[in-house]
Every structure is written in C-alpha cells, then in structure tokens.
Amino acid sequence: QVKLVESGGGWVQPGGSLRLSCAASGSILSIITIRWYRQTPGKERELVATITRDGTTNYADSVKGRFTISRDNAEKMMYLQMNSLEPEDTAVYYCNADILSHSPYYNLDSYWGQGTQVTVSS
C-alpha cells in the first residue's frame, strides 16, 4: 500500500522560512508527477507547485520566486521550500503524487498526504 506522510509544518513569523517534506512508502515503482496544494477554510484547494519526473517545475503566481519544489527520487522524498512567507500563505499544505506501484498488480494512481498546517503570523 502506497502512503505519503508529510512533515515540517508549523508557525513562523512573516518573512520566515519553512521546509515541508513528504515521504512516500510502499510498493513503488516510480513517482511521476509531484504537486503541493494548500487549502484554507471555506476555499477550494489551490495548486501551489508541480514538479515532473524530469524536474520540470511550475508555480502558482502567488508563490513564484519564494517557494521551491524539489524531489529526491532515490529516497522517494518530496520537498517544498518556502521562503519570505506571508500571512496569506497560512493554510494546510498537502503533497500529492502520481505513483506507479505494484502490489501485486501494476497500478497508476494519485495519492495524498495527510496535510500539514502552516501558520504565518506575528
């Protein structure tokens, strides 16, 4: 069974930094596309950043130049480095990945982490 577990959220003052991590485990053959989303109460989940298997990245306009998405394919780890944080970045952050697994059959599916709270305030 494939599982994504996030860590790294917390409280930070405006202008500060946080690094979110997401660890994938299970019968994984390949992690294809990785995405980070965020959600605040009463709003739809927002796509923040995407990274493909070959390393191509895309960012929401609201985080360009401040956030960096990365991945370690060998360790099955995914990261979101967040710098120059603003109160508007306060949200629950979720990692999401398209993963090819085998348990016992080949399966391509989209998996979600449990979410981690990021709070930016003074």
Side-chain angles (χ1 to χ4, degrees):
Q1 174 133 2
V2 174
K3 191 175 181 182
L4 300 183
V5 178
E6 300 181 37
S7 60
W11 173 83
V12 65
Q13 291 186 331
S17 298
L18 281 174
R19 188 196 198 201
L20 305 183
S21 299
C22 182
S25 63
S27 303
I28 295 171
L29 284 173
S30 179
I31 301 174
I32 302 171
T33 301
I34 297 166
R35 306 170 191 88
W36 286 92
Y37 287 82
R38 65 186 180 187
Q39 189 169 25
T40 54
K43 291 190 177 180
E44 290 190 3
R45 199 167 286 190
E46 175 191 15
L47 178 60
V48 174
T50 303
I51 184 168
T52 63
R53 180 150 180 87
D54 66 0
T56 301
T57 59
N58 275 292
Y59 297 93
D61 288 342
S62 58
V63 306
K64 273 181 187 173
R66 301 188 297 121
F67 289 13
T68 303
I69 187 172
S70 62
R71 59 192 292 166
D72 184 332
N73 292 330
E75 296 297 326
K76 300 186 181 66
M77 292 293 299
M78 314 158 208
Y79 304 101
L80 185 67
Q81 177 67 43
M82 305 185 294
N83 299 329
S84 302
L85 282 161
E86 303 166 354
E88 293 73 23
D89 296 316
T90 296
V92 177
Y93 285 72
Y94 298 88
C95 61
N96 166 257
D98 299 333
I99 296 176
L100 179 65
S101 62
H102 61 99
S103 182
Y105 305 107
Y106 291 108
N107 179 60
L108 177 62
D109 208 344
S110 181
Y111 297 88
W112 291 87
Q114 81 282 7
T116 186
Q117 176 71 46
V118 171
T119 302
V120 185
S121 73
S122 53

Roughly how far, to the nearest 0.5 Å, is [atom2] of [Y] from [atom1] of [X]?
| X | Y | atom1 | atom2 | result |
| --- | --- | --- | --- | --- |
| I32 | I51 | CD1 | CD1 | 14.0 Å |
| I69 | T57 | CD1 | OG1 | 8.0 Å |
| L4 | K76 | CG | NZ | 12.0 Å |
| Q114 | C22 | CD | SG | 7.5 Å |
| S62 | E88 | OG | CD | 10.0 Å |
| N73 | I34 | CG | CD1 | 6.5 Å |

I want to check something: taking the side chain as every heavy atom from C-beta on, are [X] and [Y] in contact at a cut-off of under 4.5 Å?
| X | Y | value |
| --- | --- | --- |
| D109 | V2 | no |
| M78 | E6 | no |
| F67 | L85 | yes |

Spell out, yes or no, whether [X] and [Y] are grouped together once hydrophobic residues are joined by side-chain heavy atoms under 4.5 Å, including indirect joins.
| X | Y | result |
| --- | --- | --- |
| I31 | Y106 | no |
| L20 | Y59 | yes |
| L47 | W112 | yes |
| L80 | Y37 | no |
| M82 | Y79 | no |

Taking only distance into account, with no hydrogens and no angle test, what donor-acceptor pairs under 3.5 Å do side-chain atoms of residues 90-97 form with protein atoms, sequence neighbours excluded?
unit_1, atom_1, unit_2, atom_2, d
T90, OG1, P87, O, 3.0
T90, OG1, V120, N, 2.9
T90, OG1, V120, O, 3.4
Y93, OH, R38, NH1, 3.0
Y93, OH, D89, O, 2.6
N96, OD1, R35, NH1, 2.7
N96, ND2, S110, OG, 2.8
N96, ND2, Y111, O, 3.1

>> So, using side-chain contact (heavy atoms from CB on, under 4.5 Å) as the criterion, who are the partners of A23 when residues are at least two apart?
In response: M77

> If you look at every heavy atom in N83 and S17, which pair is closest and at what distance?
Replying inline: OD1-OG, 2.9 Å

> For T33, which of T50, T56, I99 qualifies under side chain to side chain contact (heavy atoms under 4.5 Å, CB included)?
Replying inline: T50

